[in-house]
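Down below is the structure, laid out as structure tokens.
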Amino acid sequence: MTKTLYKVRFLNEDKVYEIYARHVYQGDLYGFVIIEDILFDETSGVLVDPGQERLKTEFAAVKMTMVPMHSVIRIDQVEKQGTAKITSIDGKHINNGPTPIYTPRGDAGA
């Protein structure tokens with residue numbers, strides 16, 4: 001039996017995070033995607049990827065994380081796990097997501 005595996009890309013503090021997880025679903029808290037069972041490549045090599053090490057440190061004690069839905073770039077169901085990474089945004093390849101659902105009304109209704 002193969003377990004479902006997801007690759008999730010989302011924006012966080014002007015960086016793109018790419019992580020792998022076993023469970024991804026819409027949370028009870030409106031507007032958030034829940035990511036559970038985050039996985040990291042456990043290769044035992046001399047080379048250390050600083051981006052992956054930063055992610056391992058950041059998510060070390062995390063059982064579940066809630067990512068705002070508007071920060072999610074893409075969620076893919078994949079067959080193989082790749083390397084988790086953090087990349088900088090160059091401004092060319094990231095489109096703005098949808099606008100907020102609730103916008104200020106202003107004085108139009110007064």
Side-chain angles (χ1 to χ4, degrees):
M1 180 175 118
T2 58
K3 293 185 178 182
T4 306
L5 179 64
Y6 297 97
K7 176 174 71 171
V8 183
R9 296 182 71 215
F10 61 94
L11 297 172
N12 185 37
E13 298 177 359
D14 295 330
K15 303 262 189 250
V16 176
Y17 281 45
E18 183 174 305
I19 59 175
Y20 292 83
R22 290 279 177 213
H23 304 285
V24 179
Y25 54 94
Q26 181 175 336
D28 293 334
L29 188 58
Y30 184 73
F32 285 85
V33 173
I34 306 296
I35 303 170
E36 289 183 325
D37 297 329
I38 299 170
L39 305 170
F40 295 100
D41 190 16
E42 297 299 330
T43 57
S44 59
V46 177
L47 296 176
V48 176
D49 180 2
Q52 182 165 333
E53 289 302 311
R54 180 172 166 214
L55 282 169
K56 280 184 183 180
T57 302
E58 185 170 340
F59 291 103
V62 176
K63 294 172 79 173
M64 170 190 65
T65 188
M66 293 181 275
V67 176
M69 197 176 294
H70 64 273
S71 295
V72 174
I73 298 169
R74 184 174 175 153
I75 301 171
D76 295 322
Q77 183 176 351
V78 296
E79 292 183 16
K80 291 183 181 179
Q81 180 180 339
T83 303
K85 59 187 171 187
I86 301 173
T87 54
S88 295
I89 299 174
D90 62 7
K92 298 176 191 172
H93 298 93
I94 304 295
N95 293 330
N96 290 333
T99 58
I101 295 171
Y102 302 105
T103 55
R105 292 182 66 170
D107 294 327

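Note that these values count all heavy atoms, side chains included, but never hydrogens, waters or copies made by symmetry. Residues take their numbers from the sequence shown, with the count starting at 1.
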Looking only at non-hydrogen atoms, find the nearest pair between [X] and [Y] and report the distance.
X	Y	value
Ile34	Gln26	CG1-C, 4.4 Å
Lys80	Leu5	C-CD2, 3.6 Å
Val24	Val33	CG1-CG1, 3.7 Å
Phe10	Ile35	CE2-CD1, 4.4 Å

Pairwise distance [atom1]([X]) to [atom2]([Y]) - rounded to 0.5 angstrom:
X	Y	atom1	atom2	answer
His23	Lys3	NE2	NZ	7.5 Å
Tyr25	Tyr6	OH	OH	11.5 Å
Phe32	Ser71	CZ	OG	8.5 Å
Lys15	Arg54	NZ	CZ	6.5 Å
Arg9	Asp76	CZ	CG	9.0 Å
Glu79	Thr4	CD	OG1	11.0 Å

Open item on the list: Are Tyr17 and Val62 connected into the same hydrophobic cluster when the rule is that any two of I, L, V, M, F, W, Y join if their side-chain heavy atoms are below 4.5 Å apart?
Closed with: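 In one cluster: yes.
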
Open item on the list: I'd like to know if Ile89 and Ile73 are part of one continuous hydrophobic network [Ile/Leu/Val/Met/Phe/Trp/Tyr, side-chain heavy atoms within less than 4.5 Å].
Closed with: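 Yes, one cluster joins them.
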
- [ ] Determine whether Tyr20 and Phe40 make a side-chain contact, defined as any pair of heavy atoms from C-beta on separated by less than 4.5 Å.
- [x]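 The answer is no, as the side chains (C-beta and beyond) never meet within the 4.5 Å cut-off.
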
- [ ] Answer yes or no: is there a side-chain heavy-atom contact under 4.5 Å between Ile19 and Leu55?
- [x]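 Answer yes - side chains close enough.
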
TODO: Output yes when a side-chain donor or acceptor of Arg22 lies under 3.5 Å from a complementary backbone atom of Glu36, and no otherwise.
DONE: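 Answer holds: no.
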
